[in-house]
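The structure appears right after this line, and notes come after that.
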Amino acid sequence: MNIEYYDYNLSARDYNLLRQSVGWSVSDEVSSKKAIDNSLYICSAHDNGMTVGSGRVVGDGVLAFSIQDVMVLPAYQRHFGIGKKIMHKILNYIKNNASPEADIYCMSAKNREEFYIKLGFVERPTSQLGAGMVLPYEILQSMDTDG
Ligand SMILES: CC(C)(COP(=O)(O)OP(=O)(O)OC[C@H]1O[C@@H](n2cnc3c(N)ncnc32)[C@H](O)[C@@H]1OP(=O)(O)O)[C@@H](O)C(=O)NCCC(=O)NCCS
């Protein structure tokens, strides 16, 4: 299998197809395009022209990096090391841009922790770091944020 990897070569349509294939929510293409365009770095994997995986980095480009949406088409998962290669390209981008004080974040999907631990990530909380926190969209919408 000859998987090819490209930087900044992911369409909103393919991004949405990948999201759908792994069972994640899918936005309209305008929103997905905006998300892609506003990413710091995007890597995608291709098999004979078909997009079979991708991952992206968002953040400020020097002090804060968040790894988002690492995904591989189900038929290609766990066979070819595609997710690992995408992560290596992402980590190479961050390594080349991060200052020593940078925070490098990733929120693992349920039961994917081992994939990231094998790449050097540390699970929170630790003795030094508190839990990772997320704010559900519905709670945000119901909040009075004006006062
Ligand atoms: C998680 C995901 C990106 C991994 O990509 P992949 O191409 O299937 O994984 P790879 O073949 O590159 O595996 C790399 C290593 O991680 C391990 N690994 C991969 N998925 C794993 C999992 N779910 N649980 C435990 N270990 C896993 C592999 O065994 C391999 O180990 P090795 O280096 O010792 O051989 C892919 O399975 C996927 O898209 N899953 C659905 C979407 C998702 O949950 N993404 C993560 C978002 S946080």
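Everything numeric in this text was worked out from a predicted model, so none of it was measured. All ligand and atom numbering here is 1-based and tracks the order in the structure.
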Check each atom of ligand 1 against the heavy atoms of [X] and keep those under 4.0 Å away; list them by number with element.
X: Tyr116; answer: 46 (C), 47 (C), 48 (S)
X: Met71; answer: 39 (O)
X: Lys118; answer: 29 (O), 31 (O), 32 (P), 34 (O)
X: Val72; answer: 5 (O), 7 (O), 38 (C), 39 (O)
X: Asn111; answer: 23 (N), 24 (N)

Worksheet item: Heavy-atom distance to atom 27 (C) of ligand 1: which of Lys85, Glu114, Arg78 wins?
Response: Arg78

Fill in: Winner among Gly81, Ser108, Gly53, Ala45 once heavy atoms are compared against atom 11 (O) of ligand 1
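The option holding the nearest heavy atom is Gly81.
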
Practice prompt. Could you check atom 33 (O) of ligand 1 against the protein and tell me its nearest heavy-atom contact, residue, atom and distance included?
Written response: Lys84 NZ, 2.9 Å

Worksheet item: Closest non-hydrogen protein atom to atom 44 (O) of ligand 1, residue and atom name please, with distance?
Response: Arg112 NE, 2.8 Å

Worksheet item: Mind checking whether Met107 has a heavy atom under 4.0 Å from ligand 1?
Response: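 So Met107 counts as touching ligand 1.
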
Item to complete: Would you please test Ser99 and Glu101 for side-chain hydrogen bond (donor to acceptor under 3.5 Å, both in side chains) and show each step?
Response: CA-CA 5 Å; Ser99 80; Glu101 299 78 23; 3.0 Å; yes

Worksheet item: N/O of Phe80 under 3.5 Å from N/O of ligand 1, yes or no?
Response: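 Min N/O separation from ligand 1 is not below 3.5 Å for Phe80.
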
Item to complete: If the plane angle is over 60° it's perpendicular, under 30° parallel, otherwise tilted; pick one for Tyr93 and Tyr41.
Response: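 Parallel.
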
